[in-house]
Amino acid sequence: MELAYIPSPSRGVLHLGPVPLRGYALCIIIGVFVAVWYGNKRWIARGGRTGTVADIAVWAVPFGLIGGRLYHVVTDYELYFGDGRNWVDAFKIWEGGLGIWGAIALGALGAWIGARRRGIPMPAYADAVAPGIAFAQAIGRWGNWFNQELYGRATDLPWALKITSSDGGRVPGTYHPTFLYESLWCVGVALLVIWADRRFTLGHGRAFALYVAAYCAGRFWIEYMRVDDAHHILGLRLNNWTALVVFLLAVTYIVLSARKRPGREAVVEPGSDADSGAGDAGSAAGETAAEEPAEGASAEDAAGEGDVKDGAGSAKKS
């Protein structure tokens with residue numbers, strides 16, 4: 001007997017007059033705004049300028065959406081190509097289907113292009129936006145709830161997700177809400193990165209690498225619970241292998257980066273207040289250094305003048 005469960009929405013789209021408002025797309029949009037807003041706050045705290053995060057996001061977000069969709073289509077190509085499939089569906093991003101691995105990879109490329117155009121070090125930018133990305137993922141996962149997708153094994157736990165749709169091979173019933181597990185995990189990852197960044201003054205991309213490693217750790221066990229169709233390699237789902245490999249790469253980067261480039265960047269954006277302050281400090285140091293030889297020269301000159309006077313005095317006496 002079902003005493004409690006998480007209900008699924010009867011439909012994933014609302015109509016505001018003639019305009020369809022899809023829950024999946026809405027969650028993605030809200031997540032992007034949260035990531036940019038919080039990333040901007042962290043960037044300013046690091047000494048950057050207001051608006052820089054949004055300017056670079058103009059490059060990163062479209063690249064990320066394309067990358068996320070490409071990863072999904074490539075790894076689940078049978079959903080869009082073959083007998084009885086319509087390849088046009090591969091472009092219907094609002095129906096769900098974004099691979100976080102492709103989104104982060106291609107999104108990073110877009111961010112690199114935007115950062116390079118402004119002369120900004122990419123690792124510093126990545127550190128600033130890392131917790132915001134995790135928060136965005138936490139919000140975006142609720143898009144899967146609207147679409148009744150990506151749930152786990154059957155369960156009768158009080159927080160089970162009730163699936164009512166039978167489309168796409170779904171079997172109505174109660175299942176583990178893996179979308180909720182991942183959403184909560186992403187919130188925890190964001191808080192972990194914020195804490196670690198303050199505690200250890202992470203820099204040179206290590207805050208971003210920590211986000212990647214922590215996310216992969218959670219994604220591994222959450223992915224293991226899912227029951228949707230997926231490609232398997234040696235008994236593990238493809239995304240499990242991806243999470244494992246990316247986790248190892250992120251941890252390796254943290255260790256090597258900490259040894260090679262300890263500390264944090266002093267200046268993150270050319271022309272910012274921090275950059276101007278560093279320049280002023282350098283100018284002041286230069287002026288001080290320039291004054292010291294002058295003062296030394298004056299002392300020597302004074303000593304020389306004294307010798308001349310003494311010599312003149314001696315000449316008069318003789």
Side-chain angles (χ1 to χ4, degrees), residues 22 24-43 46 48-77 79-80 87-141 143-144 182 186 189-190 193 204-213 215-216 219 238-239 242-243 245-246 249-250 253 268-269:
R22 299 182 182 276
Y24 186 88
L26 180 62
C27 291
I28 297 297
I29 292 172
I30 294 175
V32 169
F33 273 103
V34 169
V36 172
W37 168 77
Y38 191 63
N40 183 65
K41 288 176 64 69
R42 284 174 53 84
W43 184 251
R46 290 284 303 272
R49 291 178 172 180
T50 301
T52 297
V53 170
D55 291 342
I56 297 178
V58 171
W59 288 88
V61 172
F63 272 72
L65 291 175
I66 294 172
R69 189 60 175 177
L70 281 175
Y71 182 89
H72 168 72
V73 172
V74 170
T75 56
D76 292 304
Y77 60 88
L79 298 177
Y80 306 100
W87 63 270
V88 176
D89 292 340
F91 297 94
K92 296 180 180 179
I93 193 173
W94 55 86
E95 293 183 355
L98 287 175
I100 185 60
W101 315 112
I104 293 297
L106 218 57
L109 174 60
W112 178 81
I113 294 173
R116 184 176 177 81
R117 288 167 60 89
R118 298 179 67 101
I120 291 172
M122 180 61 188
Y125 180 82
D127 284 342
V129 300
I133 294 176
F135 282 132
Q137 287 179 252
I139 297 171
R141 270 306 173 199
N144 301 132
E182 186 167 340
C186 287
V189 169
V193 174
H204 301 287
R206 289 187 288 277
F208 184 82
L210 176 61
Y211 145 71
V212 172
Y215 172 75
C216 288
R219 180 62 184 266
L238 174 61
N239 282 335
T242 305
V245 171
V246 175
L249 291 174
Y253 178 86
V268 297
E269 183 170 4

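- With sequence neighbours left out, A105 forms a side-chain contact (heavy atoms from CB on, under 4.5 Å) with no residue at all.
- Not counting sequence neighbours, the partners of D89 by the side-chain contact (heavy atoms from CB on, under 4.5 Å) test are Y80, N86, K92.
- The shortest heavy-atom contact between A124 and V268 is CB-CG1, 3.9 Å.
- Nearest heavy-atom pair across C216 and A243 is CB-O, 3.4 Å.
- The two residues A250 and V212 come nearest to each other via the heavy atoms CB-CG1, 3.9 Å.
- For W101, the side chain to side chain donor-acceptor pair (under 3.5 Å) criterion is met by N239, not counting sequence neighbours.
- Under the rule for a side-chain contact (heavy atoms from CB on, under 4.5 Å), the partners of A115 that lie at least two apart in sequence or sit in another chain are I56, I120, M122.
- Between atom CZ of residue R46 and atom OH of residue Y125 there is a gap of 13.0 Å, rounded to the nearest 0.5 Å.
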- Does the pair R219 and I100 meet the rule for a side-chain contact (heavy atoms from CB on, under 4.5 Å), with working shown? CA-CA 10 Å; R219 180 62 184 266; I100 185 60; 3.4 Å; yes
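- Remark: R118 CZ to I113 CD1 distance equals 15.0 Å, nearest 0.5 Å.
- G132 and A35 get closest at one heavy-atom pair: O-CB, 3.4 Å.
- Y253 approaches A209 most closely through the heavy-atom pair CD2-CB, 3.8 Å.
- For Y215 (side chain) and C186 (main-chain N/O), no donor-acceptor pair under 3.5 Å exists by modelled atom type.
- One N or O on the side chain of E269 and one on the backbone of R49 form a donor-acceptor pair closer than 3.5 Å.
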- Query: Where do D55 and R117 land on the side-chain contact (heavy atoms from CB on, under 4.5 Å) test, with the steps shown first?
  - Reply: CA-CA 10 Å; D55 291 342; R117 288 167 60 89; over 6 Å; no
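- Remark: W43 CH2 to D127 CG distance equals 9.5 Å, nearest 0.5 Å.
- Considering all non-hydrogen atoms of both residues, A57 and P62 come closest at O-CD, 3.8 Å.
- With sequence neighbours excluded, the residues forming a side-chain contact (heavy atoms from CB on, under 4.5 Å) with V34 are I30, F135, I139, listed by chain and number.
- Note that the CG atom of L98 and the CD1 atom of I66 stand 11.5 Å from one another [nearest 0.5 Å].
- Counting only residues at least two apart or on different chains, the salt bridge (Lys or Arg N to Asp or Glu O under 4.0 Å) pairs with a member in residues 28-43 are R42-D197.
- Looking at N40, its side chain never comes within 3.5 Å of a backbone N or O of T52 through a donor-acceptor pair.
- Atom CG of residue L109 and atom CD1 of residue I104 lie 13.0 Å apart, to the nearest 0.5 angstrom.
- Using the six-membered ring where Trp is involved, W59 and F63 have ring planes that are tilted, between 30° and 60° apart.
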